[in-house]
Amino acid sequence: MCGIVGIVGQSYVNQGIYDALTVLQHRGQDAAGIVTCDGDRLFLRKDNGMVRDVFRNRHMRRLVGNMGIGHVRYPTAGTSSSAEAQPFYVNSPYGITLAHNGNLTNSAKLAEDIFKADLRHINTNSDSEVLLNVFAHELQQLGKLVPQPDDIFEAVARVHSRVEGAYAVVAMITGYGILAFRDPHGVRPVCYGRRETEQGTEWMVASESVALSALGFQLVRDLAPGEAIYLSEAGEVYTRQCVAEPVLRPCIFEQVYLARPDSIIDGISVYKARLRMGEKLAEKIVREWKDHDIDVIIPIPDTSRTAALQMANYMEVKYREGFIKNRYIGRTFIMPGQQQRRKSVRQKLNAIELEFQGKNVLLVDDSIVRGTTCNEIIQMAREAGARKVYFASAAPAVIYPNVYGIDMPSASELIAHGRSVDEICEKIGADGLIYQDLDDLVAACREGNPAIDEFDCSVFDGRYVAGNISEDYLEHLEQQRNDAAKAKSDHDRNMALADNEVMDLHNAS
């Protein structure tokens, strides 16, 4: 879960990219970066931290140029090194910068091939750098002094033939234009739009449509799986399908949790999908808990609000805001380390006691991953005076790790892995627990776009739509993502020194 953006404008794009990244901040809070192009020179600023902290006035003044790309990142493999902040850069051919959202499942093999066959050096553990070097190599192999759109699309097609996994990519070719492309299954989202100005038409690509609308761009459409779009520096637009048999299988967790509710992804209104999730879960509660004694439905802010509101309407039960959120604390989903997550829950939420005292409360969350957060929140509800505390998840039980760019923990740290619903209920300390059915979740999302035949539901059903996921790979992921690995990564990050200034990539002095 990262956020990408690229703009080809009629004037400096630094402020526009900055604003877009703040809109996409929910997709990554670990690092941020912007690179702009002015003629044949690139200007880069990236570092660990939130967008507002990474970019200061002195940095923005140096990010000159009418086209550029940006990225917000969170680590998917237990590392938070500033050396892995994006975008990445290679000087050959042409000078290319690249940022991506997703995860390459064959990155280790690719890195080996890049070194032995392509004679390229990889300097970090990031699969984004691997992806950049694969693309750069394939473009260089075409041997053109001036790259044409056909050459760029041919290089993308060759990238698709080599890499596996899920990826939405934005890249900039110095002095020529911006490229974006999407994996053959369309697991990770990317869309593009246009804006008319007095100077002419401007173009933008982004992970979510909300970034476009926030900047006054009109959404044109999502990229199709396997499709690429090239926006020349002069504002010309070229698109091409770069794989023979693309199949749209978008990540359903975007609709559950990752995306902002005001986004439209693959034709699906995230807000409306979450309303339908709430209604279907309410139907299940009425069906299975016929004699329920729920007095009030309270969402766990913010993602579950939409579903919880529709549940209350359907069940004719009071809806109340029982928790106030401190918006200056990051998402616990992203935070490494069990102790840090527990501490963050108490810092992040505060209960309104009058909404709990003497009541049977149904708490609604978008999903349950580790169970740490809901366990703490249930305890907070009891301390606030709740008589009974029930818990509902708008998503099915998360049983399997994600391999396509979401930092789900290792399987052993997932509370639902190897446990029954009753065992999970006891472990989180609830008086009752109910999950959304997977068929209902899929139906709630597909109603927004019936043309989608299949979603990536791998965290729920263990079916990895891009294939080639072995037990050895999952075991390797287990070692990378467990809390011990993340604790070591945090220590390494604290010991590292980072360069905090904007870099002119042609003149680092």
Side-chain angles (χ1 to χ4, degrees), residues 2-11 13 16-21 23-24 27 34-37 66-72 87 97-102 135 149 152-153 155-157 159-160 166-173 176-197 199-243 246 248 250-251 254 259-260 262-270 449 451:
C2 297
I4 59 174
V5 60
I7 300 177
V8 175
Q10 299 294 331
S11 58
V13 297
I17 295 174
Y18 176 94
D19 292 342
L21 292 182
V23 175
L24 296 174
R27 300 191 66 87
I34 294 175
V35 60
T36 58
C37 180
N66 290 8
M67 67 176 182
I69 64 175
H71 185 264
V72 286
T97 52
L98 178 145
H100 112 282
N101 172 32
F135 173 68
I152 294 167
F153 291 140
V156 172
V159 169
H160 286 320
Y167 46 94
V169 178
V170 63
M172 184 164 60
I173 304 172
Y176 293 105
I178 286 178
L179 167 72
F181 58 93
R182 195 176 183 187
D183 70 78
H185 300 275
V187 177
R188 302 262 70 87
V190 62
C191 59
Y192 74 97
R194 62 185 293 164
R195 179 175 69 183
E196 300 297 335
T197 69
Q199 294 79 24
T201 304
E202 299 181 320
W203 296 92
M204 178 176 174
V205 296
S207 293
E208 294 184 34
S209 64
V210 66
L212 303 180
S213 58
L215 271 67
F217 284 78
Q218 181 179 0
L219 173 66
V220 175
R221 62 178 175 87
D222 297 271
L223 289 186
E227 187 182 21
I229 182 170
Y230 176 62
L231 309 171
S232 75
E233 188 177 29
E236 302 161 314
V237 180
Y238 306 87
T239 62
R240 180 169 302 175
Q241 178 54 253
C242 297
V243 295
L248 181 59
C251 174
E254 292 279 353
R260 273 183 41 159
D262 43 348
S263 284
I264 297 173
I265 296 180
D266 293 312
I268 302 171
S269 164
V270 177
N449 184 357

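This is a predicted model, so every value here is computed, not measured. Just the heavy atoms: all of them, side chains too, but no hydrogens, waters or symmetry mates, feed the values below.
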J.: Considering all heavy atoms of both residues, which atom of Ser232 and which atom of Val8 are nearest to each other, and what is their separation?
T.: O-CG1, 3.5 Å
J.: Can you tell if the side chain of Val190 reaches within under 4.5 Å of the side chain of Ile229, non-hydrogen atoms only?
T.: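 With C-beta onward as the side chain, the pair stays apart.
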J.: Are the side chain of Arg182 and the backbone of Leu223 linked by a donor-acceptor contact shorter than 3.5 Å?
T.: yes
J.: Taking the side chain as C-beta and beyond, is there a heavy-atom pair between Ile152 and Arg240 under 4.5 Å?
T.: no
J.: Mind listing the closest non-hydrogen atom pair of Leu215 and Gly16 along with its distance?
T.: CD2-O, 3.1 Å
J.: With a 3.5 Å distance limit and no angle check, can you tell me whether Asn449 reaches the backbone of Asp266 through a side-chain donor-acceptor pair?
T.: yes
J.: Can you give me the closest heavy-atom contact between Val159 and Phe135, atom names plus distance?
T.: CG2-CA, 3.6 Å
J.: Is there a side-chain contact between Leu24 and Glu208, using heavy atoms and a 4.5 Å cut-off?
T.: yes
J.: Parallel, tilted or perpendicular: which describes the rings of Phe181 and Tyr167, with under 30° parallel and over 60° perpendicular?
T.: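 Perpendicular.
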J.: Is the shortest side-chain heavy-atom distance between Ile69 and His71 below 4.5 Å?
T.: no
J.: Could you tell me whether Arg195 and Glu202 have a side-chain N and a carboxylate O separated by less than 4.0 Å?
T.: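 Glu202 and Arg195: salt-bridged.
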J.: Indicate yes or no for a side-chain donor-acceptor contact from Gln218 to the backbone of Leu212 under 3.5 Å, with no hydrogens or angles considered.
T.: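 Absent.
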J.: Would you give the length of the straight line joining atom OG of Ser209 to atom CZ of Arg221, rounded to the nearest 0.5 angstrom?
T.: 14.5 Å
J.: Search all heavy atoms of Trp203 against all heavy atoms of Gly235 and return the closest pair with its distance.
T.: NE1-O, 3.3 Å
J.: What pairs with Asp183 under side chain to side chain donor-acceptor pair (under 3.5 Å), at least two apart in sequence or on another chain?
T.: none
J.: Test Asp262 against every option in Val23, Val270, Val210 by the side-chain contact (heavy atoms from CB on, under 4.5 Å) rule and name the one that passes.
T.: Val210
J.: Say you draw a straight line from CZ of Arg27 to CD1 of Ile4; how long is it, rounded to the nearest 0.5 Å?
T.: 8.5 Å
J.: Flag the pair Ser207 / Val170 as yes when at least one side-chain heavy-atom distance between them is below 4.5 Å, and no otherwise.
T.: no
J.: Given side chains that start at C-beta, do those of Leu231 and Val205 come closer than 4.5 Å, heavy atoms only?
T.: yes
J.: Mind listing the closest non-hydrogen atom pair of Gly68 and Val13 along with its distance?
T.: N-CG2, 3.6 Å
J.: Are Tyr176 and Glu233 packed together at the side-chain level, in the sense that at least one heavy-atom pair is separated by less than 4.5 angstrom?
T.: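 Not touching, per the 4.5 Å side-chain cut-off.
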J.: Donor-acceptor pair, Ser263 side chain versus Ile265 backbone, under 3.5 Å?
T.: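 No, Ser263 side chain to Ile265 backbone: no donor-acceptor pair under 3.5 Å.
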J.: Working to the nearest 0.5 angstrom, can you tell me the gap between Ile7 CD1 and Met67 CE?
T.: 12.5 Å
J.: Ignoring hydrogens, what is the shortest heavy-atom contact between Pro184 and Pro225? Give both atom names and the distance.
T.: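 Reported closest heavy-atom pair: O-CB, 3.2 Å.
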J.: Might you work through the side chain to side chain contact (heavy atoms under 4.5 Å, CB included) test for Glu254 and Arg188, ending with a clear yes or no?
T.: CA-CA 8 Å; Glu254 292 279 353; Arg188 302 262 70 87; 3.2 Å; yes
J.: Just jot down the ring pair (Phe, Tyr, Trp, His ring centres under 6.0 Å) partners of Tyr230, sequence neighbours excluded, or say none.
T.: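 By the ring pair (Phe, Tyr, Trp, His ring centres under 6.0 Å) rule, Tyr230 matches no residue at all.
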J.: Give a yes or no answer on whether the side chain of Gln10 reaches the backbone of Thr201 with a donor-acceptor pair at less than 3.5 Å.
T.: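 Yes.
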